[in-house]
Participant: 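Let me begin by handing over the structure; questions about it come next.
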Amino acid sequence: DALAKVLGRSRATLLGDLDAPRTTTDLAARLDMTPGGVSQHLTALRDSGLVSSRRNGRQVLYCRSPLADELVAAG
């Protein structure tokens with residue numbers, strides 16, 4: 001997968017699974033990763049503008065940016 005070659009397999013997988021807003025805990029469970037690992041990847045993706053976050057009560061929800069949507073669709 002071209003996107004995995006650029007971003008790495010874990011980050012590409014995370015982006016692919018963000019087709020709906022999800023929490024770190026939800027992503028970790030869905031992808032069989034540790035919450036800490038997911039958090040580190042999400043931070044890098046957010047810093048690069050591929051993911052945004054918003055608070056919903058006690059939860060922080062992550063979702064893809066429009067640019068990430070295009071990358072996933074092309075990947």
Side-chain angles (χ1 to χ4, degrees):
D1 177 58
L3 192 56
K5 289 180 182 177
V6 174
L7 296 177
R9 183 173 307 277
S10 295
R11 290 181 183 161
T13 301
L14 280 169
L15 276 183
D17 205 49
L18 282 172
D19 55 343
R22 303 194 195 286
T23 65
T24 301
T25 304
D26 185 31
L27 287 164
R30 290 170 61 86
L31 302 174
D32 196 30
M33 298 173 73
T34 65
V38 169
S39 180
Q40 288 179 342
H41 289 305
L42 288 172
T43 297
L45 292 169
R46 188 179 60 224
D47 290 348
S48 67
L50 296 175
V51 169
S52 63
S53 61
R54 66 177 166 86
R55 184 163 288 284
N56 183 21
R58 292 182 168 204
Q59 297 180 323
V60 177
L61 297 172
Y62 294 88
C63 59
R64 289 190 302 233
S65 70
L67 174 59
D69 285 337
E70 290 180 34
L71 290 173
V72 169

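Basis for what follows: all heavy atoms, side chains included, without hydrogens, waters or symmetry-related copies.
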Participant: Are Tyr62 and Arg46 close enough, and set up right, to give a side-chain contact (heavy atoms from CB on, under 4.5 Å), and what steps lead you there?
Facilitator: CA-CA 9 Å; Tyr62 294 88; Arg46 188 179 60 224; 3.7 Å; yes
Participant: So if I apply the side-chain contact (heavy atoms from CB on, under 4.5 Å) rule between Leu18 and each of Val72, Leu42, Leu50, which one comes out positive?
Facilitator: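 For Leu18, the side-chain contact (heavy atoms from CB on, under 4.5 Å) test succeeds with only one of Val72, Leu42, Leu50, which is Leu42.
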Participant: Show which side-chain atoms of residues 24-38 pair as donor or acceptor with protein atoms under 3.5 Å away, not counting sequence neighbours.
Facilitator:
unit_1: Arg30; atom_1: NE; unit_2: Asp17; atom_2: OD2; d: 2.7
unit_1: Arg30; atom_1: NH2; unit_2: Asp17; atom_2: OD1; d: 3.0
unit_1: Thr34; atom_1: OG1; unit_2: Gly37; atom_2: N; d: 3.0

Participant: Could you pull out the closest heavy-atom pair between Asp19 and Arg22, with the gap in Å?
Facilitator: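 Shortest heavy-atom contact: OD1-NH2, 2.7 Å.
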Participant: Nearest 0.5 angstrom please: Leu45 CG to Leu15 CG, how far?
Facilitator: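 Output value for this atom pair is 5.0 Å.
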Participant: Only pairs at least two apart or in different chains count here, so list each salt bridge (charged side-chain N to carboxylate O under 4.0 Å, His left out) that has a residue in residues 58-75.
Facilitator: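 As it turns out, the salt bridge (charged side-chain N to carboxylate O under 4.0 Å, His left out) pairs with a partner in residues 58-75, which skip direct neighbours, are Arg64-Asp69.
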Participant: Working to the nearest 0.5 angstrom, can you tell me the gap between Leu7 CG and His41 NE2?
Facilitator: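 Going from the CG atom of Leu7 to the NE2 atom of His41 covers 11.0 Å.
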Participant: Indicate the atoms forming the closest heavy-atom contact of Ser65 with Gly49, along with that distance.
Facilitator: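 Nearest heavy atoms, Ser65 then Gly49: OG-O, 3.0 Å.
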